[in-house]
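Report on one structure; see the data block that follows.
Sequence positions, counted from 1, serve as the residue numbers for this chain.
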Amino acid sequence: MGTVELIGIVELIVGILINVFIGTLGQVIFRKDDRTSRFILRVIGVFLIINGISRTFHV
């Protein structure tokens, strides 16, 4: 397993963690937990998941 696959796995795990702990991260990063902060974090999390899958499995 090379570095590209490891980076993909890390991106995948971080993307999943962002989507699981979205409320807590919204309060820590943006000092509020509203619709806008959740949307921004959701987009970042989904982006990381998609990139992680494509990097890990060379899709």
Side-chain angles (χ1 to χ4, degrees):
M1 190 178 329
T3 28
V4 174
E5 287 87 7
L6 288 176
I7 292 171
I9 291 171
V10 170
E11 282 180 340
L12 187 60
I13 291 171
V14 170
I16 291 170
L17 289 175
I18 286 174
N19 282 306
V20 169
F21 298 109
I22 196 164
T24 307
L25 285 172
Q27 288 183 342
V28 169
I29 296 172
F30 298 106
R31 306 279 190 250
K32 58 184 174 180
D33 185 22
D34 61 350
R35 179 179 256 173
T36 306
S37 64
R38 283 182 178 253
F39 178 75
I40 293 169
L41 288 172
R42 181 83 61 199
V43 168
I44 292 170
V46 169
F47 180 76
L48 285 172
I49 289 172
I50 291 170
N51 278 347
I53 289 172
S54 66
R55 246 182 245 238
T56 304
F57 300 111
H58 302 289
V59 177

Give every donor-acceptor pair under 3.5 Å between a side-chain atom in residues 43-55 and any protein atom, sequence neighbours left out.
| from | atom 1 | to | atom 2 | distance (Å) |
| --- | --- | --- | --- | --- |
| S54 | OG | I50 | O | 3.3 |
| S54 | OG | N51 | O | 3.0 |
| R55 | NE | E11 | OE1 | 3.3 |

Show every donor-acceptor pair shorter than 3.5 Å between a side-chain atom in residues 1-8 and any protein atom, with sequence neighbours excluded, or say none if there are none.
| from | atom 1 | to | atom 2 | distance (Å) |
| --- | --- | --- | --- | --- |
| E5 | OE1 | G2 | N | 2.9 |
| E5 | OE2 | H58 | NE2 | 2.7 |

| said: Checking T36 against F30 for the side chain to side chain contact (heavy atoms under 4.5 Å, CB included) test, could you report, in this order, the C-alpha distance in whole Å, the side-chain angles of both residues, the deciding distance, and whether it holds? | reply: CA-CA 10 Å; T36 306; F30 298 106; over 6 Å; no
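- The salt bridge (charged side-chain N to carboxylate O under 4.0 Å, His left out) contacts involving residues 44-54 comprise nothing, where partners must be two or more places apart or lie in separate chains.
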Tabulate below the donor-acceptor pairs under 3.5 Å that side-chain atoms of residues 12-29 make, not counting sequence neighbours, or state none.
| from | atom 1 | to | atom 2 | distance (Å) |
| --- | --- | --- | --- | --- |
| N19 | OD1 | R42 | NH1 | 3.2 |
| N19 | ND2 | G15 | O | 3.1 |

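- Under the side-chain hydrogen bond (donor to acceptor under 3.5 Å, both in side chains) criterion, T56 pairs with no residue at all, not counting sequence neighbours.
- Within the structure, salt bridge (charged side-chain N to carboxylate O under 4.0 Å, His left out) contacts touching residues 20-29 (residues at least two apart or in different chains) do not occur.
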